[in-house]
There are 2 protein chains.
Amino acid sequence: MSHTLGIRQAQKQKTRQALLDAALALLEEQSLSSLGLREVTRAVGVAPTAFYRHFRSIADLGAALVEEALGSLHPMIRTTVSAADDHGQRIKRAIELIAGHVDAYPAHVRFIARERHGGVQPVREAIRDQLARFGQEVKDELAKDPVSEGWSEDDLLMLANLYVDQMLITASLFLEALEASPEERERVCQVAEHQLRLISVGREHWLD
Amino acid sequence: MSHTLGIRQAQKQKTRQALLDAALALLEEQSLSSLGLREVTRAVGVAPTAFYRHFRSIADLGAALVEEALGSLHPMIRTTVSAADDHGQRIKRAIELIAGHVDAYPAHVRFIARERHGGVQPVREAIRDQLARFGQEVKDELAKDPVSEGWSEDDLLMLANLYVDQMLITASLFLEALEASPEERERVCQVAEHQLRLISVGREHWLD
DNA sequence: TCATCCAGTTAACAACTGTTCTCCGTAATT
DNA sequence: AATTACGGAGAACAGTTGTTAACTGGATGA
C-alpha cells in the first residue's frame, strides 16, 4: 500500500513539482533549449543551486516533463480506440477527448508539440519513444477490430502511426484555436472530424 | 532585366547570406529561441554590431530563413501534385521529391519542422502562412482532378491540408533516417508510400 | 538523546548576452 | 575632384548565465 512519505521526502517532491510547473509555464513563450536553470529557480523562489538536488540539467527536467505529459495518457488512448460504438460516434468521441485534454492541459500539449522536433536530443527521444508506444497500443486495438482481417502487421502499424500523428496535428490545431471564437473552434472540429473520417474510409477500402 | 548590383550591395548580400547560413548550421543542435546574435556573428567572423545592418533581431532572421526554406518550393509542389501519371506513379514521385529535397537541404527541413511549433511567434506565423499557401495551391490542383467532382470547397481544402501535413511528417521521418542504414531508409519509404496511398483510397471512396 | 543525513542557502567564479555610441574606410553620388 | 552614404569595427554598458564550494538547520534513525 501507499506508505506515507516523511516530511522530508514530501517537501522534496513538492519543490520538484514546483520546478516542473514553473518550467512548463515559462515554456509557453520559448523553447526548452533556451530555458535557463536560474530562470526556473527564480520563478519558484528557490536558490539556483537547489535545482541540482532534483535534476542533473534542463534536459533532464525536460525528460521528466515528457513523462508527466504523456505517461498517464496510455489507458485513455486504449479505451478510446477500442470503443464499441459505431464508427461515426467513435471518431466524434476521440475528437472530444482531444479537445477536452487540450482544454485541461494546454501547456503540456504545447510542450510536446514544440519539443517533438525541438533542439534537445534526449527530450526528442523521450517523446519519440512515448509516441512509438502509442502507435503500438493503437495497433493492438486496431488488430482486434474485424475490419483489420487480412491486414499485414506492417500495415496495421502504419495505420496506427497515421492515427497518432493525426491526433497530434488535431491537438495542435485545438491549441491554436484555444483563444479563438467559438465558430472558429467549431470549424477546427469539423475539419478534424472529416480528416479522421477520410482516413477511416481509406482503411475500409484498403484491401481492394 | 537584372541590373548588376554595385560592389557595395553585392558585398552586403554576401554577408547577409553568410549570416543566414551560419544561423542555419548552428540551429542543427538548438532552437531558434536560444540562438544568440553574437553566436551567429562569431561563426561568420564579423563584429556583433554588424548583425543589425541586416536584421532587426534573431526573430527577423528566422523569418528570412522561413522564406528561404519554403518560398521557392511552391512551383515544385504544384507540378508534382498535378502530374499526369497514373495514381501510383504520382505518389511514388511525390515521395522521391521529398526524399531528394531532404537529402539536398536537410538543415532547411529541420529548421521548418523545429520552428513550426517553436518558441518564436513571428517565425511560427511565417511558417503557418507558407503552409496555408501550400494548402491552397494543393487544393487548386486537386480541384482540377476529375476525382474531385461533387466535393465541397471545404472538403477539398481539408484534404489538401491533410496532404501537406503528411508531407511534413514524411520529410521529418526522412530527416531522422538520413544517417540510418539503407534498409531503414527503404522501410521509411514504404511506410510513407502506404500512408499516402491509404489517404488516396479514402479520397476515392469519400462520396459514399 | 545524539549523531547523521540532506534539501536548500550563500558567495563567488569566469564567461557570456543584447544594445548603444562613436568611429573608420571606401563605394557611390554629385 | 569633392562630398555623401553606409557596411562594418571597436569599446564599453549592465545583466545574465551554469557551476563550484563550503555551510546551515531541521528531519531522520540508532
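Throughout, a chain's letter reflects where its sequence line sits, starting with A, and its residues are numbered from 1. What you see is a predicted model, and the numbers here were worked out from it, not measured in a lab.
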| task | Report the relative orientation of the aromatic rings in A:Tyr105 and A:His101; use parallel for angles under 30°, tilted for 30 to 60°, perpendicular for over 60°. | result | tilted
| Using a cut-off of 4.0 Å between protein heavy atoms and nucleotide atoms, how would you tag nucleotides 17-25 of chain C 5' to 3' with B, S and -? | SBBBB---B
| field | Polar contact flag, side-chain donor to acceptor under 3.5 angstrom, B:Glu39-B:Gln30 | value | yes
| Any salt bridge between B:Lys92 and B:Glu96, counting N to O under 4.0 Å? | no
| message | Measuring only between side-chain heavy atoms, which start at C-beta, is A:Glu176 closer than 4.5 Å to B:Arg128? | response | yes
| message | For a 4.5 angstrom cut-off between non-hydrogen side-chain atoms, does B:Asp103 reach B:Leu178? | response | yes
| field | First and last nucleotide of DNA chain D, 5' to 3', lying under 4.0 Å from heavy atoms of chain A | value | D:dT17 to D:dT28
| Derivation and outcome, salt bridge (charged side-chain N to carboxylate O under 4.0 Å, His left out), residues A:Arg90 and A:Asp145 | CA-CA 13 Å; A:Arg90 179 153 56 173; A:Asp145 197 313; 3.2 Å; yes
| message | Output the rounded distance in Å from NZ (B:Lys12) to C1' (C:dA28). | response | 14 Å
| task | Let me know the distance between CD of B:Gln11 and P of C:dA27, rounded to the nearest Å. | result | 10 Å
| field | Over 12 non-hydrogen atoms of neighbours within 6.0 angstrom of CD in A:Gln13 | value | no
| said: Check this for me: A:Glu29, atom CD, are more than 12 non-hydrogen atoms of other residues, nucleotides or ligands nearer than 6.0 Å? | reply: no
